[in-house]
Amino acid sequence: MEDQINDSTPSVLAVARQNLDILSTHGESDTLTYWDIVRSILDLFRTSLSAQDVLKALELGWEGLRMKNELSPETMPMKRLILARSATLCMARQGVRVTGLWEDAVQVVITHVRGGDPIFIKNVFTSNPLKQWILTVFSDADFCPNYNIRLDLLTIISTWEQFEPNEGKSVLSGLMQLSVYLDADEHLVPNAGVPSLEVPWFDVMCKLSKGDHLNEIYKKALIQMETLSVGGEARWLNRVVELVSTRTEVAKKRLAVGWLRASDALLVLESSLVLLAIFVFSSRSIETFSCRGLLQVAAVALIKITTSIVDMIPSLRTYIYRCMKMVDTVDHILKVVITCPRLQSLVSTLRKDHGEELDRISQHTYRMGIPLQFLPEAIDDDTTINCPERFVDSLTFSVMEAPVLLKTSQVTVDEATLLYLLLQEPSLCPFTRTPLHHDDDSFCRLPDLQHEIQVWRASQSSPDTPTSPKTPQVESHQP
């Protein structure tokens, strides 16, 4: 790349520096204006530059814009974005890998973009070469090892009106790689004075859900769960739902101590409900989230989000109409759960494993005069009282449906428990802390024991609704 660098760049930058000094002393004239300086920088970006020269050009261009802003502030936002786009196109044309000083250059560009009007951003960052380079940086860890830069590119990607099929694949690939670095507290809840990815992330997720981009993810995840071969697709869905529910709890804590405005907390709740509805309880996703393992994930998320909404309503009375709409949305989701044949195991899981939370939600909503019509009633799970010990999951202590032997510990758990463990990062046996691999070396099904359990269930004089395994309580291992 070095032999392609513009030989005149140092002189152009030196002249720009000299002219800025003249303007700061004597002001604009008929022969020299601040916009002349910025225009010379934009022209320079049409050539091949080194990372150091791009940084210097951005610095001089920004200085010229800041000084011009004192004379005509109304043109500043768009021209600042044009400066950022020109620098990005310069890097895209050269196909630079974002390492070393190029990381600093991209960070400066993102700083100029962040806080800009999304409409302006959409209008200046839509050329195909630019989009392709941005998507390569976002989705290829070898092209850009810095995950913070890749996450920050969501600020630009989120402004694109829609994703073409290949663009959607690249966005999904990047999100699946980066989800392990996303943190609900740091990235997905507004924090005073600190840039947040909350809105860009939400917008990107919604755009992905509108097309067919997620269909293949749901299909692969379903196969992975059914075959006990949990892969990237299932883990990503698990991570998304985990982030969606966790951010509501973070918002609740910040609102309680005054670190979050009520309006921002309300937006977090509303957007989390939207994502829960489209990612878990839509017609395309229900089949995937009705399978063992992800079913438990869906139950936990539904309880967490509903609890956060109910607990925060007293602090959001100023927005009572929007609060009532959220309650209606929760009730609609619960109606889907109650009436969908595929989700009856989820209903059983809610009633048996989350009875205390259901009772608390019911009491609070009743006292506030906004009862949830379709909230399931908790029931006591007494099936283990007369149950042979070998039929009981060693981690959740509920009667198993599909027993699986963990070979390293020689402990038996239900298949749903195993799947929940396999969804975690890293996947560890809770008894030995050794890695669980997605093969026959780590676990095996026990069909004979499963038959014994089925016979025992049939022999009970008053069989209850089939027991859904409880969600195991395992430690979080986020990086």
Side-chain angles (χ1 to χ4, degrees), residues 1-13 16 34-66 68 75-140 143-144 146 149-164 166-167 170-171 174 200 204:
M1 185 182 299
E2 293 299 327
D3 59 344
Q4 300 175 351
I5 299 301
N6 188 347
D7 293 336
S8 64
T9 298
S11 61
V12 173
L13 294 174
Y34 289 116
W35 185 239
D36 290 332
I37 308 298
V38 176
R39 193 157 37 231
S40 70
I41 296 298
L42 296 179
D43 288 339
L44 188 61
F45 280 137
R46 293 190 176 94
T47 66
S48 296
L49 303 176
S50 68
Q52 186 174 1
D53 288 339
V54 168
L55 283 166
K56 188 64 177 177
L58 280 167
E59 178 187 345
L60 294 172
W62 175 228
E63 183 176 343
L65 284 175
R66 287 203 316 273
K68 180 66 176 178
T75 65
M76 178 67 162
M78 177 59 95
K79 288 182 177 178
R80 185 178 184 182
L81 288 174
I82 291 174
L83 178 68
R85 180 194 63 179
S86 298
T88 307
L89 277 171
C90 177
M91 292 184 277
R93 280 194 301 269
Q94 298 178 87
V96 300
R97 291 179 176 271
V98 185
T99 58
L101 284 177
W102 287 115
E103 290 187 6
D104 297 335
V106 176
Q107 288 281 24
V108 173
V109 166
I110 291 171
T111 300
H112 287 306
V113 172
R114 187 180 285 125
D117 189 321
I119 295 178
F120 288 167
I121 300 173
K122 178 179 68 175
N123 289 335
V124 300
F125 280 90
T126 54
S127 71
N128 284 332
L130 191 149
K131 290 173 74 173
Q132 290 307 310
W133 182 77
I134 289 175
L135 287 173
T136 301
V137 175
F138 181 70
S139 62
D140 190 340
F143 207 81
C144 177
N146 189 322
I149 288 178
R150 295 166 66 199
L151 284 172
D152 284 338
L153 286 177
L154 286 171
T155 304
I156 297 175
I157 295 172
S158 65
T159 64
W160 300 343
E161 191 165 343
Q162 61 183 8
F163 301 137
E164 298 299 326
N166 287 337
E167 293 172 353
S170 295
V171 172
V204 168

Please confirm whether the backbone N or O of Ile149 pairs with a side-chain atom of Gln107, one donor and one acceptor, at under 3.5 Å?
no
So which heavy atom on Ser48 is nearest to which on Gln94, and how close?
CB-OE1, 3.5 Å
Evaluate side-chain contact (heavy atoms from CB on, under 4.5 Å) for Trp62 paired with Leu83, printing each intermediate quantity in order.
CA-CA 8 Å; Trp62 175 228; Leu83 178 68; 4.3 Å; yes
Here the gap from Ile37 atom CD1 to Leu65 atom CG, rounded to the nearest 0.5 Å, amounts to 11.0 Å
How about Asn146 and Val98: do any of their side-chain heavy atoms sit closer than 4.5 Å?
no
Side chain of Arg80, backbone of Arg66: donor and acceptor closer than 3.5 Å?
no
Side-chain polar contacts of residues 124-136 - donor-acceptor pairs under 3.5 angstrom, sequence neighbours left out - could you list them?
from: Lys131; atom 1: NZ; to: Glu167; atom 2: OE2; distance (Å): 3.3
from: Trp133; atom 1: NE1; to: Val96; atom 2: O; distance (Å): 3.2
from: Thr136; atom 1: OG1; to: Gln132; atom 2: O; distance (Å): 2.8

Note: Ala57 and Leu44 closest approach over all heavy atoms is CB-CD2, 4.4 Å
Kindly compute the distance separating CZ (Arg39) from CG (Leu42), expressed to the nearest 0.5 Å.
8.5 Å
Intermediate values then yes/no, side-chain contact (heavy atoms from CB on, under 4.5 Å), Asp152 and Val113:
CA-CA 10 Å; Asp152 284 338; Val113 172; over 6 Å; no
So, Thr159 side chain and Thr155 main chain: donor-acceptor pair closer than 3.5 Å or not?
no
So do the side chains of Val54 and Leu58 get within less than 4.5 Å of each other, counting heavy atoms only?
yes
Which heavy atom of Pro200 sits nearest to which heavy atom of Leu154, and what is that distance?
CB-O, 3.5 Å
What distance do Arg97 atom CZ and Cys144 atom SG have between them, rounded to the nearest 0.5 Å?
11.0 Å
side-chain contact (heavy atoms from CB on, under 4.5 Å) for Ile41 and Val12? Distances and angles first, verdict last.
CA-CA 8 Å; Ile41 296 298; Val12 173; 5.6 Å; no
With a 4.5 Å cut-off on side-chain heavy atoms, are Phe143 and Thr99 touching?
no
Are side-chain heavy atoms of Val106 and Met91 found at a separation under 4.5 Å?
yes
For Ala51, all residues meeting side chain to side chain contact (heavy atoms under 4.5 Å, CB included), sequence neighbours excluded:
Leu101, Trp102
Start with the C-alpha distance between Asp53 and Lys56, add both sets of side-chain angles, then the distance that settles salt bridge (Lys or Arg N to Asp or Glu O under 4.0 Å), and finish with yes or no.
CA-CA 5 Å; Asp53 288 339; Lys56 188 64 177 177; over 6 Å; no
I'd like to check Leu55 versus Val108 (side-chain heavy atoms, cut-off strictly below 4.5 Å). Are they in contact?
yes
Working to the nearest 0.5 angstrom, can you tell me the gap between Phe45 CZ and Arg85 CZ?
12.0 Å
What are the two closest heavy atoms between His112 and Ala84, and how far apart are they?
CB-CB, 4.0 Å
